[in-house]
Amino acid sequence: ILFDEPLTVIDPHLKWLLRRKLKEVHTRFRHTLVYVTHDQNEALTFAEKVVVMYEGEVVQLGTPQELFERPAHRFVGYFIGSPGMNFMPCRVDAGGVRIDGTDAVLGGHWAQAASEVPNASLQLGIRPEFVTVQTTASETTLPVKVERVEDLGNYKLLTARFGPHRLKAKMDEDAQAPGETAHLSFAPARTLLYADERLIG
């Protein structure tokens, strides 16, 4: 059964009730439901498998968790999540990953993957959920200039500048907002490398 954006102009509460009813129908009759939507929250809460299309091409098929944790394409990282994934142009050499426009060098396991695409445009990607905000520097943190901290009810959202790059980090709702500067650390297992917009490591 194909649904082409059936709930677009319905108020949020009724939309939630109708989504729940459709899931009940699916559970009861086990028909295949193909549900087209531009609403990422709708897709992630409704679907068992999500197909993400970009410029007429399927760029990833997976569970909501797979799309969130390992976006196979830069568009998926940007589109899925609120806010989307942070991206920074970089280059990889024997010393590590060097973030363009800065002096920062991050360690990583990407040298082999990067060597297989020598002329590709490389970018590091990390979700705001996996960026930790610290008030003191260490060998693994990046110094940033804080632009703003927004209190969004159940979490705070920090926006900061690192060289020419703008980064976002999610903070606990009761976390103390930093001053004009802060230090960010990236969870190594959650920091991904993209070559020409596609995940390579």
H31 backbone acceptor or donor facing H26 side chain under 3.5 Å
yes

Any donor-acceptor N/O pair, E180 side chain to V146 backbone, under 3.5 Å
no

Would you check if the side chain of D172 reaches a backbone N or O of D174 as a donor-acceptor pair within less than 3.5 Å?
no

What residues form a salt bridge (charged side-chain N to carboxylate O under 4.0 Å, His left out) with R98, not counting sequence neighbours?
D93

Can you sort out the partners of R74 under salt bridge (charged side-chain N to carboxylate O under 4.0 Å, His left out), two or more places apart, ordered by chain and number?
none

Can a donor-acceptor pair be found, under 3.5 Å and without considering hydrogens, that links the side chain of N86 to the backbone of I126?
yes

For Y35 together with F46, are the ring centres under 6.0 Å from each other?
yes

For the student: nearest non-hydrogen atoms of L61 and K49, plus distance
CD1-CB, 4.2 Å

Not counting sequence neighbours, list each pair that qualifies as a ring-ring contact (aromatic ring centres under 6.0 Å, His included) and has a residue in residues 61-116.
Y54-H73, Y54-F75, F75-F79, F87-Y194

Residues passing the salt bridge (charged side-chain N to carboxylate O under 4.0 Å, His left out) test with E57, sequence neighbours excluded, are R198

If you group Ile, Leu, Val, Met, Phe, Trp and Tyr whenever their side-chain heavy atoms sit less than 4.5 Å apart, what else falls in with L157?
L152, Y155

My understanding is that only residues two or more places apart in sequence, or in another chain, count here; which of them pass salt bridge (charged side-chain N to carboxylate O under 4.0 Å, His left out) with D151?
none

